[in-house]
Amino acid sequence: MTSNAAPRPAVTSFDDFPLDQALQATIVELGYERPSPIQAEAIIPLLEGHDLLGQAATGTGKTAAFMLPMLQRLADQRGQRPEQRRGVFGLILAPTRELAMQVNTAANRYGAGLGVRTLAVYGGAPIGPQLGALRKGVDIVVATPGRAIDLINRGGLKLDGLEVAVLDEADEMLDMGFVEDIETILDATPDTRQTVLFSATMPRRIEKLAQSYLREPITVRIAREELAAGDTPQVRQDAYLVPRSHTTAALGRVLELERPRSAIVFCRTRADVDAVTESLTGRGLRAEALHGGMDQEHRARVVERLRSGRTELLVATDVAARGLDIDLLTHVVNHDVPQTPEAYVHRIGRVGRAGREGIAITLVPPSKRYTLAAVERLTGQSITVAAVPSIDDLRAARLARTESELLDQLGSVTDHGVDDAVWTMIAGLAEEYDPLQVAAAAIRLAQAAAGAPPEEEHIPVIEPREQRPRSFTLDRAGKFGGHERGAKPERGPGRARGAGLGPAKSGTTRLFVSAGRAAGVRPQDIVGALANESGLSGSDIGTIQIHERHALVEVPESAVESVLRELRGGTMLKGRKASIRREKEFRS
Ligand code: AMP
């Protein structure tokens with residue numbers, strides 16, 4: 001985090017803020033234990049009346065960072081405001097109605113103990129009730145710029161007594177062409193107001209806007225990694241190289257292996273949204289399109305289905321997905337590489353919130369590889385590049401799924417749980433046939449009942465060459481799609497061990513992991529498990545080789561003992577427990 005605020009003692013508790021009892025009580029009730037970094041940095045300067053320019057994305061706690069001081073200043077001035085300055089105290093401009101509603105909910109929540117009157121106003125809703133509510137008197141208005149202008153022109157929104165103006169997600173508002181509206185609105189407010197500008201990115205246009213409308217602002221910048229102190233969100237970033245014309249087919253394969261619980265799939269155009277939704281649905285994945293043209297109610301229903309788990313993939317354009325706030329999103333998937341690195345950062349800002357792990361997946365045509373490097377520079381985080389999973393990878397994953405479903409059944413099948421007639425039938429068959437044959441026939445029946453897997457189009461393999469030193473490299477034996485490239489299939493641990501792997505690089509030791517391709521394990525899963533549980537960083541981890549039933553991973557010799565200590569009880573990989581030990585121990 002960087003800031004130009006005068007040095008002050010570090011704020012580590014909400015008690016350190018001079019906030020009203022009612023606000024403190026609400027914070028306790030909400031279970032916030034300590035201020036997030038943006039709150040620690042912004043709240044006191046804002047209480048003192050400074051302007052503020054904050055670079056912070058959604059999920060950093062920025063809403064409370066501006067809302068708590070606004071509510072406190074409102075409480076302080078209650079009853080003292082001169083007659084002519086009664087009216088709207090605080091105005092927050094937000095790019096979309098979803099965000100406006102969300103901020104309004106936050107204002108209500110934080111201001112619950114103060115009896116504050118708040119109102120969200122946005123386009124697409126009848127203006128009459130909004131005018132009516134404004135006439136009755138409102139302290140805090142959260143508005144989209146277009147509707148704010150409309151209400152100002154109709155005399156409903158009076159800003160001549162405004163004390164605080166907040167521009168939330170200013171870069172989004174500028175991208176949507178609201179710059180003139182914002183200027184008109186700010187020009188209708190007193191020069192004495194306090195102005196706060198939050199933006200996830202700081203392009204030149206934002207700096208210019210800030211120069212025109214903010215007075216000697218305190219600047220605060222929160223890098224994404226610092227979001228929640230002590231509770232760093234993890235966004236695993238994977239990219240798959242694929243020729244452009246095969247993107248949709250490749251996406252189907254990746255999602256079938258990845259099986260996200262709750263994902264947004266971003267597409268460039270509306271036509272792509274329809275084609276991708278159809279293709280994913282055809283694969284048996286539960287996908288739904290989200291269009292900008294849908295009415296509010298319809299959008300809300302689709303989002304609700306994702307929240308409740310009835311659908312698992314929302315396919316949308318950037319515009320349609322704007323302002324969506326789905327707290328349990330596990331994946332952000334880019335069917336197309338976003339236009340700018342900033343747009344990428346915006347998209348992936350939707351996962352990895354509140355300390356949860358999130359996954360970002362991007363399908364990249366070779367001509368767009370360079371944009372990944374730009375994103376890595378912007379975020380300071382590396383992106384793992386891999387080839388698209390092969391047909392054999394898919395088969396192995398399906399088989400692993402069948403096995404895990406069978407294991408579930410075996411765990412619950414008891415003498416009492418199954419019909420007597422079924423036992424009698426099995427016993428009869430087992431007398432006449434080898435029980436393995438009986439089981440194989442039963443599996444075939446189950447697979448036939450589940451329907452044939454989709455016909456797979458051939459996807460040319462693009463090797464993820466030129467791995468940067470920070471990311472791990474994949475050995476030939478461990479790359480995805482070995483069969484498609486004519487490499488011999490690996491059969492089992494015995495063969496794999498003899499496959500000429502050579503000694504580990506000097507200064508590193510190879511660890512054996514007891515799960516491999518058959519369980520759907522990919523290099524990034526191993527990096528994730530090691531980084532999560534042993535404290536190694538992605539850049540500490542060397543070559544990873546994925547074999548049919550095990551994997552080998554190089555780690556620095558100096559870290560081996562602590563990794564093995566941390567992972568004594570094994571680690572979870574693709575939903576199963578896997579053990580980790582020195583490769584030497586395995587061989588002896
Ligand atoms: P925001 O970045 O404002 O959208 O906030 C993201 C989420 O963090 C919201 O669900 C807030 O309720 C939550 N939040 C804000 N401040 C804190 C805090 N200090 N501790 C824990 N959660 C917080």
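Just so we're clear, the structure is a prediction, and the values are computed from it rather than from any experiment.
Closest of all the heavy-atom pairs between L306 and L313 is CD1-N, 3.9 Å. Taking every heavy atom of both residues into account, I383 and E376 meet most closely at N-OE2, 2.6 Å. Scanning all heavy atoms of the two residues, the minimum distance from V337 to T362 falls at CG2-CG2, 4.1 Å. In terms of heavy atoms, Q39 sits closest to A64 at NE2-CB, 3.4 Å. Between I185 and A148, the shortest heavy-atom distance links the atoms CD1-CB, 3.7 Å. Of all the heavy atoms in G358 and V351, the pair that sits closest is CA-CB, 3.9 Å.
Between the side chain of S199 and the main chain of T201, a donor-acceptor pair closer than 3.5 Å is present. Under a 3.5 Å cut-off, the side chain of T105 and the backbone N or O of M101 do form a donor-acceptor pair. A donor-acceptor pair is defined here as one N or O able to donate and one able to accept, closer than 3.5 Å; no such pair exists between the side chain of E172 and the backbone of E169. Under a 3.5 Å cut-off, the side chain of E163 and the backbone N or O of G90 do not form any donor-acceptor pair. D51 places no side-chain N or O within donor-acceptor distance of the main-chain N or O of Q194, the cut-off being under 3.5 Å. Between the Q72 side chain and the D20 main chain, a donor and an acceptor come within less than 3.5 Å of each other. One N or O on the side chain of D336 and one on the backbone of R268 form a donor-acceptor pair closer than 3.5 Å.
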Audit row: Q55, I222, side chain to side chain contact (heavy atoms under 4.5 Å, CB included) steps and yes/no:
CA-CA 6 Å; Q55 181 169 1; I222 303 292; over 6 Å; no
Decide yes or no on side-chain hydrogen bond (donor to acceptor under 3.5 Å, both in side chains) for H346 and D318, but give the supporting numbers first.
CA-CA 10 Å; H346 262 297; D318 279 298; over 6 Å; no
Should L157 and L134 be marked as a side chain to side chain contact (heavy atoms under 4.5 Å, CB included) after you check the CA-CA gap, both sets of side-chain angles, and the distance that decides it?
CA-CA 7 Å; L157 182 58; L134 285 168; 4.1 Å; yes
Apply side chain to side chain contact (heavy atoms under 4.5 Å, CB included) to M202 and L53, showing your working.
CA-CA 10 Å; M202 267 312 145; L53 176 62; 3.7 Å; yes
Assess whether side chain to side chain contact (heavy atoms under 4.5 Å, CB included) is satisfied between Q237 and T384, documenting all intermediate values.
CA-CA 6 Å; Q237 297 177 62; T384 305; over 6 Å; no
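Contact check on R305 versus E288 returns a salt bridge, with a Lys/Arg side-chain nitrogen under 4.0 Å from an Asp/Glu carboxylate oxygen.
Side-chain contact between Y240 and V364: absent, with no pair of heavy atoms (C-beta onward) separated by less than 4.5 Å. Counting heavy atoms from C-beta outward, L46 and V196 have side chains that approach closer than 4.5 Å. The shortest side-chain heavy-atom distance between D168 and L99 falls under the 4.5 Å cut-off. Counting only heavy atoms from C-beta outward, the side chains of I38 and V220 approach each other to under 4.5 Å. At a threshold of 4.5 Å between non-hydrogen side-chain atoms, the residues L290 and R299 count as touching. Proximity of T60 to P37: side-chain heavy atoms (C-beta onward) are nowhere separated by under 4.5 Å. Looking at V88 and I140, their side chains never come closer than 4.5 Å, going by heavy atoms from C-beta outward. Residues F178 and E183 are not in side-chain contact: their nearest non-hydrogen atoms beyond the backbone lie 4.5 Å or more apart.
More than 12 heavy atoms of other residues, nucleotides or ligands shown are found within 6.0 angstrom of CD on E304. Surrounding CZ of R301 are more than 12 heavy atoms belonging to other residues, nucleotides or ligands, all under 6.0 Å away.
Within the model, atoms CD of E180 and CD1 of I149 stand 9.5 Å from one another, a figure rounded to the nearest 0.5 Å. Rounding to the nearest 0.5 angstrom, the gap separating the OG1 atom in T219 from the CG atom in L197 is 12.0 Å. With rounding to the nearest 0.5 Å, the separation of CG in L71 from OG1 in T26 is 9.0 Å.
Side-chain atoms of E258 and H331 form a donor-acceptor pair, as typed in the model, at a separation below 3.5 Å.
Remark: E207 pairs with R204 by the salt bridge (Lys or Arg N to Asp or Glu O under 4.0 Å) rule, at least two apart or across chains.
Listed by first and then second residue, the salt bridge (Lys or Arg N to Asp or Glu O under 4.0 Å) pairs that reach into residues 184-198 come to none, sequence neighbours excluded. The salt bridge (Lys or Arg N to Asp or Glu O under 4.0 Å) pairs that include a residue from residues 104-120 are R117-D139, where partners are two or more places apart or lie in different chains.
For the side chain to side chain contact (heavy atoms under 4.5 Å, CB included) test with V116, the passing option among V138, L74, N108 is L74; the others fail.
Ring geometry for Y32 against Y110 counts as perpendicular: the plane angle is over 60°, on a 0 to 90° scale with 30° as the lower cut.
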